[in-house]
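Only one structure is covered here, and it is reproduced in the block below.
As the structure lists them, so they are numbered: ligands from 1, and atoms in each ligand from 1. All residue numbers in this chain count up from 1 along the given sequence.
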Amino acid sequence: MKKRVFSGIQPTGDIHIGNYLGAIKQWVASQTEYEDIFCIVDLHAITVAQEPNTLKSKIREVAGLLFAAGIDPKITVVFIQSHISAHAELAWLLNCFIPMGWMNRMTQFKEKSHRQREQVSVGLFDYPALMAADILLYEADLVPVGEDQRQHVELTRDVSQRFNSIYGETFKIPEALIPQFGARVMGLDDPTQKMSKSEPGSGHAINLLDTPDVIRAKVMRATTDSQREVCFDESRPGIYNLLGIYEGFTGLGRPEIESRFVGKGYVDLKKELAEVVVAGLSPLQSRYRELTREPGYIDSLLNEGADRVRPVAEETLAKVKQQIGLG
Ligand code: AMP
Ligand code: TRP
């Protein structure tokens, strides 16, 4: 039997090459080997303020980009989290089995809440419980995510083990699947910060729907350092990041990439990298335009996706409620 893979993506901001290299590309590649379920996590999105019309259109945009990137709706399920009410319900149940101490250790909450202080929502604090519910409902074996989500998957493992030890075997214990390359694409403007959808700066991220000229301009402006040699050197984060992106898009080995740039400088690397990214995104962008031409097509794929997996989620939820003694 194929192992089951579950992952989620937030329908907020613009999907960028960090999402693509760190997540979406691995999802596409895994479709033949695994049974894949991908969830557009709109309930996670509302842990911070969202404008309703923007949220609605972003959900379709993200779905369209997933299909355009090569997710095949005939074999892989893509659905919207809020279409299956078991997610919110199981999150509540898990809340009652997660000690505050575990949640207080979540570094992503600390980072995200820093800016909002007392205005931060309870939902943002509780975000990892909802993520645990997402994963556990489908008895996922593997959870492909970027490095930043490792701690949340660990919490999912901890809560499922805790529940199982109290009530007996109920949940399957999932494992994180962190890609070796592209696990952490950094911002072009500041290579010490992770490339992020919430960063407003126009030179920060390359978005999947950026035009070739915008991509070229962003790459050429990317922050580097005053050295010359083009090589994978972690102590030079700017150049290391650009080479990592090059590696992610070309699939070439590091020695081969370095040998291409012997005797060349940063400008040569940037020029070549820009073309590599433009060419890498071009097929995706044209498929996206095709998919969105027919109104309602993406919605129909999302509805079918939810219909396919809802029974699985409902069965898990029913089992959990029964174990606890509810109802
Ligand atoms: P998010 O943008 O937080 O919704 O993340 C969606 C997926 O992309 C998750 O699996 C993240 O771990 C991954 N991801 C987000 N930003 C990056 C990045 N800069 N580098 C690599 N992976 C990322
Ligand atoms: N928290 C993840 C992120 O921001 C998205 C997510 C929600 C997710 N539920 C999930 C990822 C379940 C994997 C599995 O990237």
Side-chain angles (χ1 to χ4, degrees), residues 4-28 30 36-48 50 58-59 61-62 65-66 69 78-82 84 87-88 90-91 94 106-109 111-112 123-124 126-157 159-160 174-199 204-208 237 240-241 244-245 247-248 309 313:
R4 186 174 286 165
V5 163
F6 183 97
S7 198
I9 188 159
Q10 295 209 44
T12 52
D14 291 318
I15 305 283
H16 52 67
I17 58 169
N19 299 127
Y20 180 66
L21 297 178
I24 300 170
K25 204 167 155 236
Q26 338 289 328
W27 298 357
V28 172
S30 78
D36 284 335
I37 305 176
F38 298 122
C39 181
I40 299 174
V41 293
D42 54 349
L43 296 174
H44 277 108
I46 60 164
T47 56
V48 297
Q50 302 294 341
K58 278 286 162 189
I59 291 168
E61 183 184 298
V62 173
L65 284 170
L66 292 181
V78 179
F79 74 100
I80 303 176
Q81 189 182 30
S82 66
I84 299 185
H87 290 252
L90 182 61
L94 295 178
M106 295 295 116
T107 53
Q108 187 168 76
F109 175 75
E111 284 161 20
K112 284 194 184 174
L124 190 67
D126 200 35
Y127 181 115
L130 180 59
M131 180 160 162
D134 298 341
I135 297 167
L136 297 176
L137 278 175
Y138 302 97
E139 305 188 315
D141 298 288
L142 298 169
V143 184
V145 282
E147 183 61 48
D148 61 316
Q149 297 298 316
R150 187 195 289 277
Q151 200 185 24
H152 295 158
V153 179
E154 284 301 317
L155 182 112
T156 306
R157 289 168 59 85
V159 66
S160 53
E175 252 175 75
L177 194 68
I178 316 265
Q180 247 179 313
F181 304 119
R184 209 169 154 84
V185 177
M186 310 306 279
L188 295 182
D189 55 346
D190 177 0
T192 64
Q193 298 295 318
K194 198 188 85 162
M195 187 176 282
S196 154
K197 287 191 285 195
S198 45
E199 203 58 49
H204 173 75
I206 297 175
N207 301 321
L208 296 192
Y240 187 75
N241 187 41
I245 297 169
E247 181 184 27
V309 292

May I ask you to list the atoms of ligand 1 that are less than 4.0 angstrom from any heavy atom of [X]?
{"X": "Arg184", "value": "20 (N), 21 (C)"}
{"X": "Gly22", "value": "21 (C), 22 (N)"}
{"X": "Gly146", "value": "10 (O), 11 (C), 12 (O)"}
{"X": "Asp148", "value": "11 (C), 12 (O)"}
{"X": "Ala23", "value": "7 (C), 8 (O), 10 (O)"}
{"X": "His16", "value": "16 (N)"}

For atom 13 (C) of ligand 1, which of the options Ile15, Val145, Asn19, Ile40 provides the nearest non-hydrogen atom? Asn19

Parallel under 30°, tilted from 30 to 60°, perpendicular over 60°: which one fits the rings of His87 and Phe6? tilted

With a 4.5 Å cut-off on side-chain heavy atoms, are [Y] and [X] touching?
{"X": "Leu65", "Y": "Glu61", "value": "yes"}
{"X": "Val145", "Y": "Leu177", "value": "no"}
{"X": "Ile15", "Y": "Lys197", "value": "yes"}

Give yes or no for whether the N/O distance cutoff of 3.5 Å, strictly under, is met between Lys197 and ligand 1. yes

Exactly one of Val41, Val153, Leu43 should register a side-chain contact (heavy atoms from CB on, under 4.5 Å) with Met131. Which one does? Val153

Closest heavy-atom contact between Trp27 and Asp36? O-OD2, 3.5 Å

Record the part of Val185 in heavy-atom contact with ligand 1 below 4.0 Å; permitted values are side chain, backbone, both and neither. both

Residues around ligand 2, heavy atom under 4.0 Å from any ligand atom, sorted by chain and number. Can you pull those? Phe6, Ser7, Gly8, Gln10, Val41, His44, Tyr127, Met131, Asp134, Ile135, Val143, Val145, Gln149

Between Phe38 and Tyr138, does the ring centroid distance fall short of 6.0 Å? no

So, Asp148 and Lys194, do they make that salt bridge, N to O below 4.0 Å? yes

Using a distance-only test with no angle check, is there a side-chain donor-acceptor pair under 3.5 angstrom linking Thr12 and Gln50? no

Hey, are Asp189 and His204 close enough side-chain-wise for a donor-acceptor pair under 3.5 Å? yes

